[in-house]
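As the structure is a computational prediction, the values presented were derived from the model and not from experiment.
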Amino acid sequence: MRTLLKYTIIITLSIIRMPANAELTNNMFDIRHIGYAEGLSSPRVFSIVEDEHGVIWIATKAGIDHYNGHMVKSYTLPGTFHYGDMAGRRLRLLYDERYGLWAYDHIGRIYRYSVQNNCFEQELSLG
């Protein structure tokens with residue numbers, strides 16, 4: 001009988017505690033869906049990074065998108081080629097506080113985001 005009472009108390013306390021934990025986590029994050037309606041260039045996403053200003057950078061099949069919490073701005077990378085895995089190209093992003101935002105693909109093209117020119121510039125081609 002004591003064992004049953006012990007388990008009943010533990011289960012009751014667990015159930016009472018769950019809504020408190022859920023309430024704490026519900027207000028911790030601001031989650032939004034970003035898609036075509038918000039200006040995303042493609043639903044096919046390869047990589048996502050956040051910079052020091054809280055801006056979200058998204059590498060998609062059509063290029064790189066910049067989301068500042070209100071609107072999406074799309075960037076294309078220099079060169080004439082098709083984006084996406086059907087052509088074998090996959091874009092990835094890397095952000096470093098000291099060196100800034102970089103984009104690269106699997107064939108060795110490396111781009112750096114230029115804050116002054118507001119565009120991506122090819123830094124290196126290893127292919």
Side-chain angles (χ1 to χ4, degrees):
M1 189 67 157
R2 289 188 90 185
T3 307
L4 180 61
L5 181 61
K6 183 174 144 181
Y7 286 124
T8 303
I9 291 172
I10 290 172
I11 292 172
T12 304
L13 290 175
S14 298
I15 291 172
I16 291 171
R17 197 169 157 235
M18 276 187 217
N21 286 341
E23 185 62 35
L24 288 174
T25 57
N26 282 344
N27 296 324
M28 290 176 65
F29 304 102
D30 181 19
I31 300 172
R32 297 181 187 168
H33 178 274
I34 302 171
Y36 277 129
E38 292 76 28
L40 194 66
S41 61
S42 171
R44 177 74 173 166
V45 174
F46 296 112
S47 182
I48 302 172
V49 297
E50 181 178 1
D51 69 16
E52 66 185 291
H53 304 291
V55 173
I56 305 294
W57 294 88
I58 307 164
T60 71
K61 184 177 179 179
I64 298 175
D65 295 333
H66 161 276
Y67 179 66
N68 63 7
H70 304 289
M71 59 182 279
V72 176
K73 179 175 180 176
S74 297
Y75 296 87
T76 56
L77 299 177
T80 55
F81 34 73
H82 178 73
Y83 296 98
D85 54 319
M86 293 301 285
R89 184 152 192 252
R90 290 172 301 282
L91 295 173
R92 299 288 190 259
L93 296 170
L94 172 69
Y95 179 75
D96 181 80
E97 288 181 17
R98 184 173 178 191
Y99 298 108
L101 180 66
W102 296 80
Y104 61 96
D105 62 20
H106 73 289
I107 58 173
R109 291 187 185 114
I110 302 173
Y111 305 88
R112 185 175 185 183
Y113 176 69
S114 169
V115 176
Q116 293 142 343
N117 298 330
N118 192 25
C119 66
F120 283 86
E121 298 170 348
Q122 188 169 343
E123 293 287 320
L124 190 60
S125 179
L126 301 173

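Lys61 and Ser42 get closest at one heavy-atom pair: CB-OG, 3.4 Å. Shortest non-hydrogen contact noted between Arg109 and Ser125 is CG-OG, 4.2 Å. Taking all atoms of both residues into account, the shortest heavy-atom contact from Gln122 to Pro78 is N-CG, 4.2 Å.
Side chain of Arg112 to main chain of Tyr99: a donor-acceptor pair is present (N/O by atom type, distance under 3.5 Å, no hydrogens or angles).
For Leu124, the side-chain contact (heavy atoms from CB on, under 4.5 Å) criterion is met by Ile110, Leu126, not counting sequence neighbours. Residues that satisfy the side chain to side chain donor-acceptor pair (under 3.5 Å) test with Glu123, not counting sequence neighbours, are absent from this structure. With sequence neighbours left out, Asp51 forms a side-chain contact (heavy atoms from CB on, under 4.5 Å) with His53, Val55, Trp57, Tyr95. Residues satisfying the side-chain contact (heavy atoms from CB on, under 4.5 Å) test with Ile56, not counting sequence neighbours, are Ile48, Glu50, Ile58, Tyr67. Partners of Ser41 under the side chain to side chain donor-acceptor pair (under 3.5 Å) rule, at least two apart in sequence or in another chain, are Thr60, Asp65.
We find the CZ-CG distance between Phe120 and Leu101 to be 4.5 Å, quoted to the nearest 0.5 Å. A distance of 6.5 Å separates CG of Leu94 from OH of Tyr104, quoted to the nearest 0.5 Å. Separating the CG atom in Leu93 from the OH atom in Tyr113 is a distance of 12.5 Å, to the nearest 0.5 Å.
Between Leu91 and Leu77 there is a side-chain heavy-atom pair separated by less than 4.5 Å.
No hydrogens or angles considered: nothing links the side chains of Asp105 and Tyr111 as a donor-acceptor pair under 3.5 Å.
Connection of Ile64 to Val115 is established within a shared hydrophobic cluster, with ILVMFWY side chains joined at heavy-atom distances below 4.5 Å, either directly or through further cluster members. Under a hydrophobic clustering in which Ile, Leu, Val, Met, Phe, Trp and Tyr are joined whenever their side-chain heavy atoms come within less than 4.5 Å, directly or via other members, Val45 and Val72 fall into the same cluster.
Cluster partners of Tyr36: none. The rule joins Ile, Leu, Val, Met, Phe, Trp and Tyr whenever side-chain heavy atoms lie under 4.5 Å apart, and it links nothing here.
Enclosure of atom CD in Glu97 is not indicated, since only 12 or fewer non-hydrogen atoms of other residues, nucleotides or ligands lie within 6.0 angstrom.
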